[in-house]
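Data first, discussion second: the structure below is written as structure tokens.
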Amino acid sequence: WPRAIRVDGAGNAYVVGVPSPRDFPLTPGALKTSLGRGFIAKLNPAGSALIYSTYFEAPILAFDIDSSGAAYLGALDAYLSKIDASGKSLIYSTHLGEKLSGWVESIAVDSRGAAWVAGGGTALIRLAPSGGAIEATASLGSRPLADNTVNFVALDSQENVYAVGHFSPGNVSPTANAELAAPCSPSGGDFLAQLNPAGKFLYASFMRRAVVWSDVGRILPALAGPGRVVVNSQSFGAEIVTLDLSTTAARSFVCPVNGASFSLGDGVVPGEIVSIFGYALG
């Protein structure tokens, strides 16, 4: 069961997922040859041969690669592991449980090999290339509640950091240029943040659009360049939306919801009582 794929600058493909217990192919000198609950395989650009293929001890929930071909694997219980380009050696494996609660959801690696890690909890973490120190921590909330999760982290060409997740109201602090300072529902909402390479917030806002999340196919946001984030949205039916973080409207009418349920529907009907959320409405 392939779960995710990455491609390096040379065109090699890296695939992670859940292995078959019977006929999964292993390469000589593989990191782990006994059956594990995950796997990582690297294929040549033609797809005609395995450069390496190995079992991995735990299910792999998130991964990324760096410019050297090293692979970074995130697993349950907030473990992060780094495997060298040959697939034969573990560079480090470390536990981030004091900062992340439960699991690693997304990883993005910068040009130095430092890994930005996101998951359950309320913090983004940048781990040093050696794995021996936390270089930066960006708090995305004041209370580590179970339903506060950062599902996606990515870097642009300038190594600014983008994070998308779901948070409870009152648990995050939107920036002055936010599109939506409060969620459309009293139970919380999806949240988008942009940080500079040092971890300082440039933009933080709730989103009117509910982002579609799926473990099947890993439907996730993507970057369309610095300051531009593409999301798969389900606000009024499925739609692909590009968000430009560089501009903020002087007034933004962004969130009409049912006045009783605070839920987004397929539209507003005559006589319906609604609550309106937005930016600078007064």
Side-chain angles (χ1 to χ4, degrees), residues 1-97 99-100 102-120 125-135 151-155 214-218 220:
W1 176 27
R3 183 176 179 88
I5 188 170
R6 297 287 185 275
V7 180
D8 65 21
N12 301 302
Y14 302 71
V15 184
V16 300
V18 178
S20 163
R22 296 172 300 181
D23 58 358
F24 184 78
L26 298 174
T27 50
L31 176 67
K32 180 176 174 58
T33 56
S34 58
L35 181 63
R37 292 179 292 169
F39 78 83
I40 177 169
K42 179 180 179 180
L43 292 84
N44 68 9
S48 59
L50 286 167
I51 297 174
Y52 72 75
S53 182
T54 180
Y55 289 122
F56 190 71
E57 186 67 37
I60 300 168
L61 303 181
F63 95 110
D64 199 10
I65 56 175
D66 65 21
S67 58
S68 74
Y72 301 70
L73 311 177
L76 288 172
D77 300 322
Y79 279 95
L80 181 69
S81 301
K82 180 178 179 180
I83 298 174
D84 75 351
S86 72
K88 298 179 180 180
S89 299
L90 192 65
I91 296 174
Y92 68 71
S93 188
T94 186
H95 186 234
L96 301 172
K99 296 294 184 180
L100 299 178
W103 66 97
V104 174
E105 186 75 23
S106 185
I107 304 167
V109 182
D110 68 17
S111 59
R112 300 184 302 111
W116 282 96
V117 186
I125 297 168
R126 188 176 72 205
L127 193 65
S130 68
I134 292 177
E135 295 183 335
N151 304 91
F152 169 80
V153 61
L155 307 178
S214 173
D215 285 334
V216 180
R218 304 299 292 167
L220 292 173

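All figures in this text were calculated on a predicted structure; none of them were measured in a lab. Heads up: numbering here begins at 1 and tracks the sequence.
The two residues A71 and Y52 come nearest to each other via the heavy atoms CB-OH, 4.2 Å. Between K32 and T54, the shortest heavy-atom distance links the atoms N-OG1, 2.9 Å. Closest heavy-atom contact between T27 and S53: OG1-N, 2.9 Å. Closest heavy-atom contact between A58 and A75: CB-CB, 3.9 Å. A114 and P129 get closest at one heavy-atom pair: N-CG, 3.8 Å. Closest approach of K82 to A70, counting heavy atoms only: CE-CB, 3.9 Å.
Partner of I83 under the side chain to side chain contact (heavy atoms under 4.5 Å, CB included) criterion, chosen from I65, I40, I91: I40.
Side chain of D66 to backbone of S68: a donor-acceptor contact under 3.5 angstrom is found.
Going from atom CG of L31 over to atom CZ of F56 covers 7.5 Å, rounded to the nearest 0.5 Å. Here OG1 of T94 is found 7.5 Å from CD1 of I134. Values are rounded to the nearest 0.5 Å. The distance from the CD atom of E135 to the CZ atom of R112 is 4.0 Å, given to the nearest 0.5 Å. With rounding to the nearest 0.5 angstrom, the CG atom of L43 is 8.0 Å from the CD1 atom of I5.
Using a 4.5 Å heavy-atom threshold, the side chains of V153 and I107 count as separate. Residues R6 and D64 form a side-chain contact, since some pair of their non-hydrogen atoms from C-beta on lies under 4.5 Å apart. Using a 4.5 Å cut-off on side-chain heavy atoms (C-beta onward), Y92 and L127 make contact.
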Contacts under 3.5 angstrom, residues 9-16 side chains, donor-acceptor by atom type, not counting sequence neighbours:
residue: N12; atom: ND2; partner: D8; partner atom: OD2; Å: 3.1
residue: Y14; atom: OH; partner: D8; partner atom: OD2; Å: 2.9
residue: Y14; atom: OH; partner: K42; partner atom: NZ; Å: 3.2

Full working for side-chain contact (heavy atoms from CB on, under 4.5 Å) between L73 and Y79:
CA-CA 8 Å; L73 311 177; Y79 279 95; over 6 Å; no
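Partners of P19 by side-chain contact (heavy atoms from CB on, under 4.5 Å), not counting sequence neighbours, listed by chain and number: F24, L35, F39, Y55.
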